[in-house]
Amino acid sequence: MASIFKIQILIFFFLLIIFSILRPTQQQQQQHPLDPLTPSELNLVQTILTHAYPNSNNNLTFQYVGLDDPDKPTLLSWLSSHSTTKIPQRRAFVIARINHQTHELIVDLSNPSIISNQIYKGHGFPLLTFDEQIAANALTLAYAPFVASVSKRGLKINEVVCGSFTVGWYGETRNNKRVVKVMCFYLDGTVNMYMRPLEGVSVTVDLEEMKIIGFWDRLTVPMPKAEGTDYRESEQKPPFLPLLKKISVMQPDGPSFKIEGHKVRWANWDFHLSFDMRAGPIISLASIYDLEKQKFRPVLYKGFVSELFVPYMDLDEEWYYRTFFDAGEYGFGLCAVSLEPMRDCPENAVFMDAYVVGQNGKPVKMSQIFCIFERHAGDIMWRHTETAIPRTIVREVRPEVSLVVRMVSTVGNYDYIIDWEFKQSGSIIATVGLTGLLEVRGSKYTHKDQIEEEVYGTLLAQNTIGVNHDHFLIYHLDLDVDGDSNSFVKSNLKITQVPDHGSPRKSYWRVVSETAKTESDAKIKLGSKATELLVVNPNKMTKMGNHVGYRLIPKSGVGSLLSDDDYSQTRAAFTKYNVWVTPYNKSEKWAGGLYVDQSRGDDTLATWSQRNREIENKDIVVWYTLGFHHAPYQEDFPLMPTLSSGFELRPANFFESNPVLKVKPPQDVMRLNCSILKVA
């Protein structure tokens with residue numbers, strides 16, 4: 001045994017030497033400190049951990065592996081002086097289950113070693129892996145009582161497909177097991193399995209022991225029909241909608257943007273694009289070129305989707321626990337899907353791949369996860385036609401061209417389209433589109449007139465209830481507006497009465513601004529009154545004396561309708577307000593907590609903010625929650641057309657004047673104008 005151990009040690013050090021030889025090559029390629037972990041780095045992490053915890057003696061699974069971000073001051077120092085400052089060391093942050101315990105590990109990739117290893121003993125579990133979900137589903141399909149339940153309904157077991165659902169927390173004081181509920185669906189004539197739920201049957205699986213610990217066959221309802229549910233193009237029958245003629249987006253000279261590694265430069269924008277298996281796309285170091293100042297000025301240090309909360313409003317036994325946290329339980333990036341050219345993205349798009357790790361820690365390539373393209377959709381950047389000057393008509397128009405970064409994450413039945421759009425005017429627009437399939441409940445009803453009790457949704461088709469639910473996405477926005485010392489300003493539009501005889505007018509509104517001093521001052525529920533939301537740099541002013549800033553412009557103001565004492569709301573307390581502002585803290589990334597599966601709400605944005613820290617003239621983070629209340633309609637069946645919302649970050653006295661006054665239209669637009677003039 002001693003000789004075998006010595007051989008293992010020799011192999012381990014040999015591998016470390018090989019990786020250390022490869023490292024200079026990566027540095028020669030000018031790897032950015034914020035780049036996602038490369039396949040070789042992921043392999044190195046896997047090698048280090050598997051040698052520290054050999055499989056022969058340990059049960060080791062990798063739940064999350066991502067970049068351990070360098071400290072912000074260190075990175076900013078490196079950015080300001082590349083030539084004199086050493087590049088920050090590359091480290092990985094790992095969450096692993098080792099012998100049924102959750103370990104948080106930091107792995108040094110520059111000097112391969114584990115430099116921190118802590119056992120987490122609090123509430124909640126890390127995100128699920130695909131492997132354990134597949135194993136739990138397979139257990140169910142082979143479980144004799146379940147097979148019997150399928151058979152007694154006259155269904156075929158080989159047409160049944162299952163999914164693993166997290167179970168939430170509902171006030172239990174004991175430490176629960178790491179379990180999932182397995183719910184199943186029926187194919188047999190369609191691929192739209194979510195429209196054919198096997199209602200009334202559920203299975204509980206212990207993920208640690210990988211065994212079934214609970215089975216219920218509670219009731220039998222009719223299986224919804226397969227007819228009319230298949231959404232595949234090949235399965236559609238006439239009549240069809242009128243066919244549109246070809247629409248082409250051509251760039252004969254190639255794209256106007258440049259991608260170097262993960263750095264993107266386009267027009268007057270420069271930013272870094274990364275990928276995380278929990279968050280998905282991460283936009284960092286976004287800065288815009290100021291033509292007057294002749295330099296790039298920082299806007300957004302980091303922006304990403306921190307969490308998604310999807311609570312269903314059905315209280316039935318198989319439904320009440322369906323209150324999902326799609327990022328923290330399933331991995332928003334882990335569920336990203338390959339984008340289809342010409343369908344998901346236009347023909348002028350450029351694609352980028354990404355990597356995640358499997359349960360065994362090995363890197364898995366995900367092809368065409370991002371697409372980047374210039375959007376020229378006929379929108380107008382600015383225009384004016386002047387007809388008041390005698391014998392002269394002045395007409396000036398500039399077409400809108402923007403840059404879009406896109407990813408799609410399919411978390412079970414829903415597809416989330418995530419766009420980050422950059423405009424030459426200085427705006428950053430974040431948009432989320434919801435499409436995909438509803439989660440429906442099987443029912444005995446075939447017409448609305450038959451319904452007498454609460455069914456928690458809408459009858460969409462025979463035996464098919466579309467269940468009411470919400471979608472909440474919270475964005476982590478570390479704005480560094482012309483520097484990292486910023487303040488949050490609420491500018492309320494106040495109605496003011498005109499004093500007697502002061503004017504023929506009786507009222508007007510004026511702007512009353514208030515700078516938030518602490519976290520409690522910055523909690524905002526949108527819609528209660530007219531408010532302008534700004535992040536300003538109190539240390540920088542324009543020539544006119546206004547503080548430079550950026551506005552947060554929401555497209556909608558939707559908040560949670562659940563009561564504060566609802567356990568699901570406790571876990572997702574970040575949905576109580578649309579806007580939160582906190583001082584920057586590297587550890588505060590996930591609004592629902594680091595461990596969301598069966599969490600109890602004791603490590604969330606809401607609990608962090610209870611400290612009521614100072615936020616005036618500090619390095620601050622804005623958290624914005626956008627939401628959808630989704631009461632389904634028949635147009636959502638059998639597949640839902642895209643429903644979108646988002647927000648805009650827009651310059652507010654950031655520039656001295658209109659930053660796109662001197663923008664030139666694309667060459668093809670100029671040629672088209674010339675041809676029109678010739679025809680005229």
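Numbering starts at 1 and runs along the sequence shown.
Relative ring orientation between His476 and Phe304 is described as parallel, the plane-to-plane angle staying below 30° on a 0-90° scale split at 30° and 60°. Tyr577 and Trp580 have perpendicular rings, their planes meeting at more than 60° on a 0 to 90° scale where under 30° would count as parallel. Ring pair Phe422/Phe271 is parallel by interplanar angle, where below 30° counts as parallel and above 60° as perpendicular.
Tyr584 carries Lys72 over the face of its six-membered ring, with the cationic atom under 6.0 Å from the centre and within 45° of the normal. In this structure, Arg278 forms a cation-pi arrangement with Trp590, its terminal cationic atom sitting closer than 6.0 Å to the ring centre and no more than 45° off the ring axis. No cation-pi contact links Arg322 to Phe165, judged by a cut-off of 6.0 Å to the six-membered ring centre and 45° from its axis.
Residues Phe296 and Trp269 place their aromatic rings such that the two centres sit no closer than 6.0 Å. Proximity of the aromatic rings of His262 and His32 is defined here by a centroid distance below 6.0 angstrom, and this criterion is not met.
No donor-acceptor distance shorter than 3.5 angstrom exists from the side chain of Glu307 to the backbone of Ala591, with no hydrogens or angles considered. The main-chain N or O of Leu105 is never found under 3.5 Å from a side-chain atom of Asn117 such that the two would form a donor-acceptor pair. Between the Thr435 side chain and the Met640 main chain, a donor and an acceptor come within less than 3.5 Å of each other.
Between Asn539 and His547, the side chains place no donor N or O within less than 3.5 Å of an acceptor N or O (distance only, hydrogens not considered).
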Item to complete: Begin with the C-alpha distance, continue with both residues' side-chain angles, and end with the deciding distance and a verdict on side chain to side chain contact (heavy atoms under 4.5 Å, CB included) for Leu128 and Thr166.
Response: CA-CA 9 Å; Leu128 307 178; Thr166 52; 3.9 Å; yes
Discussion item. Walk me through whether Asn348 and Glu374 qualify under side chain to side chain contact (heavy atoms under 4.5 Å, CB included).
Written reply: CA-CA 7 Å; Asn348 62 328; Glu374 288 164 284; 4.2 Å; yes
Worksheet entry | Arg178 vs Glu329, salt bridge (Lys or Arg N to Asp or Glu O under 4.0 Å): CA-CA, chis, key distance, verdict | CA-CA 12 Å; Arg178 188 164 174 261; Glu329 292 176 337; over 6 Å; no
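Remark: Arg650 CZ is loosely packed, at most 12 non-hydrogen atoms of other residues, nucleotides or ligands lying under 6.0 Å away. Sparse packing is recorded around NZ of Lys258, with 12 or fewer heavy atoms of other residues, nucleotides or ligands lying under 6.0 Å away. Within 6.0 Å of CD on Glu614 lie no more than 12 heavy atoms contributed by other residues, nucleotides or ligands.
Residues Asp290 and Lys295 are not paired through a salt bridge, judged by the lack of any N-O separation under 4.0 Å between the basic side chain and the carboxylate. Contact check on Lys586 versus Asp69 returns no salt bridge, with no Lys/Arg side-chain nitrogen under 4.0 Å from an Asp/Glu carboxylate oxygen. Ionic pairing of Glu41 and Arg90 is present here: one or more N-O contacts between side-chain nitrogen and carboxylate oxygen are shorter than 4.0 angstrom. Electrostatic pairing of Arg611 and Glu588 counts as a salt bridge here, judged by a charged N lying under 4.0 Å from a carboxylate O.
Within the 4.5 Å cutoff, no side-chain heavy atoms of Tyr355 are placed close to those of Val364. Looking only at side-chain heavy atoms (C-beta outward), Phe472 and Val558 come within less than 4.5 Å of each other.
No option in Phe324, Tyr414, Phe628 other than Tyr414 meets the side-chain contact (heavy atoms from CB on, under 4.5 Å) test with His469. Of the options Tyr120, Phe325, Phe125, a ring-ring contact (aromatic ring centres under 6.0 Å, His included) to Tyr595 is made by Tyr120 and by none of the others.
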